Amino acid sequence: MATDSAVAKEGLVIPLIDFSKFLTGTPSERQTTAKAVLHGFQTAGFIYLKNHPIPADVLRRTFARSADFFDLDTAAKMKLGWTTPEANRGYSSPGREKVSQLGDLAEVDKIRSAIPDLKESLEIGRDTDPQYPNQWPVEDGNLKGFRTDMNDFFGQCQTLHVEVMRAIALGMGLHEAFFDQFVHVGDNTLRLLHYPSVKADVFRINPGQVRAGEHSDYGSITLLFQDSRGGLQVKSPTGHFVDATPIEGTIVVNAGDLLARWSNDTIKSTIHRVVEPPRREDESYPPRYSIAYFCNPNTESFIETLPGTYSTEQDKKYEGVTSGNYLVQRLSVTY
């Protein structure tokens, strides 16, 4: 089965994969698709999935509900403010989060002050977690049914996470259900993202200005749903950033740092960012909406080097780590 390319530039080839061949195909088609998924993560760290199981009408509704939320006044949103890395739930106002590859909080604060990210977000976790409840808006007007819709979408993304991990396992020659025990709880984060409209002059006056700074993701994989505005870029092997142009009906999926660590760096967690959209004649850029579903191993899972990715103990690049501890450590520097 030949795999089409969604992106092919500067040595970066991101495959466009028909995921229905894995979900409902013959054993041969499933194996071939699993190999394509793994190869994409090993070479680019990114893949595009088409013919995935999340219906178009569900996506349209989720994007519409997201826009309704961000239309709330600032005071209403701030009542739901993001609190702690352990909870990782709630509203993050423009400039609050600064994604980067830095590990020092003081350095992050410095660039946050100089070049804040131009975005706001709402983080939604597993709604059955008794320790860290989600922070839901008051459901009246356009927000009636918001919680139910978001939990429904969360569940559909959780199911897809399991299937992508099964494809990775099959591609690696592991038992297909190898990762099930590590991801079945659903300790994931649904992030609704809004990049407000911005004057084009902002980017000209401050050459370093971005909508979201360059970074890698922290967990196992991320499911990214883009609108048509553009602006997502992925770092190529040559060091240049390449546009990951939206393709209608697809999900962009990228590997995160924990999966790279898990795989002894045989899978790549690739740097990406959100920048000024493709140039327009207007004096300003319209708002951009995206939805990211950050998939993680279960909080209590102990992540150590996968079989088949090392020959001797000395070949292991990383010591084992508990998923929850690792994610809290990374989030503590981001906010």
Side-chain angles (χ1 to χ4, degrees), residues 1-10 12-25 29-30 32-64 66-67 153-168 171 188 190-193 195 211-212 217 219-236 241-256 259 267-270 272-275 277-278 288-295:
M1 179 183 71
T3 302
D4 296 328
S5 296
V7 175
K9 190 176 181 181
E10 293 284 346
L12 179 72
V13 179
I14 303 179
L16 174 61
I17 297 170
D18 182 349
F19 202 56
S20 68
K21 300 292 186 184
F22 179 77
L23 296 174
T24 59
E29 288 174 330
R30 298 185 79 249
T32 301
T33 306
K35 288 288 188 184
V37 168
L38 178 63
H39 182 71
F41 286 141
Q42 289 175 331
T43 55
F46 274 75
I47 61 176
Y48 282 58
L49 295 183
K50 65 179 181 178
N51 297 328
H52 55 79
I54 299 181
D57 64 322
V58 170
L59 278 171
R60 282 193 296 270
R61 183 170 70 246
T62 308
F63 269 95
S66 174
F153 186 70
F154 188 105
Q156 293 192 48
C157 290
Q158 181 182 346
T159 299
L160 182 55
H161 174 214
V162 172
E163 293 295 346
V164 174
M165 297 305 292
R166 287 175 178 172
I168 293 170
N188 307 322
L190 170 61
R191 170 182 286 184
L192 307 181
L193 276 157
Y195 302 85
R211 277 177 154 174
D217 292 344
S220 53
I221 62 171
T222 300
L223 310 178
L224 179 65
F225 306 86
Q226 303 190 75
D227 67 9
S228 61
R229 301 295 184 194
L232 174 66
Q233 293 186 329
V234 179
K235 197 169 189 177
S236 74
F241 279 93
V242 175
D243 290 332
T245 305
I247 299 176
E248 187 174 356
T250 68
I251 306 172
V252 177
V253 187
N254 62 282
L259 183 56
I267 286 173
K268 293 182 177 180
S269 178
T270 305
H272 51 286
R273 66 185 185 182
V274 180
V275 297
R288 176 182 188 265
Y289 293 89
S290 66
I291 298 168
Y293 186 79
F294 295 105
C295 306

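Bear in mind that the values here come from a model prediction, so they are computed numbers and not experimental data. Sequence positions, counted from 1, serve as the residue numbers for this chain.
Between the side chain of S5 and the backbone N or O of V13, no donor-acceptor pair lies under 3.5 Å. K268 places a side-chain N or O within 3.5 Å of a backbone atom of T43 that can act as its donor or acceptor partner. No donor-acceptor distance shorter than 3.5 angstrom exists from the side chain of T250 to the backbone of P246, with no hydrogens or angles considered. No donor-acceptor distance shorter than 3.5 angstrom exists from the side chain of D243 to the backbone of T245, with no hydrogens or angles considered. Between the T33 side chain and the E29 main chain, a donor and an acceptor come within less than 3.5 Å of each other. Remark: side-chain polar atoms of H52 are paired, donor with acceptor, to backbone N or O of G249 under 3.5 angstrom. With hydrogens and angles ignored, the 3.5 Å screen pairs a side-chain donor or acceptor of R288 with a backbone N or O of G230.
At a threshold of 4.5 Å between non-hydrogen side-chain atoms, the residues V234 and V242 do not count as touching. You'll find the side chain of N188 reaches within 4.5 Å of the side chain of H161, heavy atoms only. Using a 4.5 Å cut-off on side-chain heavy atoms (C-beta onward), C295 and Q158 make no contact. Here the side chains of F41 and V164 are in contact, with some heavy-atom distance below 4.5 Å. A 4.5 Å side-chain heavy-atom check between F225 and I54 finds at least one atom pair inside the cut-off. Within the 4.5 Å cutoff, side-chain heavy atoms of L160 are placed close to those of P53. At a threshold of 4.5 Å between non-hydrogen side-chain atoms, the residues L193 and Y289 do not count as touching. Inter-residue side-chain proximity for N51 and F19 is flagged as unmet; no heavy-atom pair is nearer than 4.5 Å.
For the atom pair CD1 (I267) and CG (N254), the distance works out to 12.0 Å, reported to the nearest 0.5 Å. Taken to the nearest 0.5 Å, the CG atom of L49 stands 11.0 Å off from the CD1 atom of I247. With rounding to the nearest 0.5 angstrom, the CD atom of Q42 is 8.5 Å from the NZ atom of K35. Taking NZ of K50 as the reference point, atom NZ of K21 lies at 9.0 Å (rounded to 0.5 Å). For the atom pair OG1 of T32 and CD1 of I17, the computed distance is 11.5 Å after rounding to the nearest 0.5 Å. Between D227 atom CG and L59 atom CG the span is 12.0 Å, to the nearest 0.5 Å.
Between F63 and F153, the distance from one ring center to the other does not fall under 6.0 angstrom. Ring centroid separation for the pair F46 and H272 comes in under the 6.0 Å cut-off.
Shortest non-hydrogen contact noted between A167 and A34 is O-CB, 3.3 Å. Heavy atoms only, all atoms of each residue included: Y195 and S290 are closest at CE1-OG, 3.7 Å. Counting all heavy atoms, side chain and backbone alike, A255 lies closest to S269 at O-OG, 3.4 Å. In this structure, I168 and I221 approach most closely via the heavy-atom pair CD1-CG2, 4.4 Å. When all heavy atoms are compared, the tightest approach of I251 to L224 is CG2-O, 3.6 Å. Minimum interatomic distance between E163 and F22 (heavy atoms only, all atoms of both residues): O-CE2, 3.5 Å.
With a 6.0 Å cutoff to the six-membered ring centre and a 45° limit on the axis angle, R273 counts as a cation-pi contact of F241.
Checked by atom type, the side-chain pair S20/D18 shows a donor-acceptor distance below 3.5 Å.
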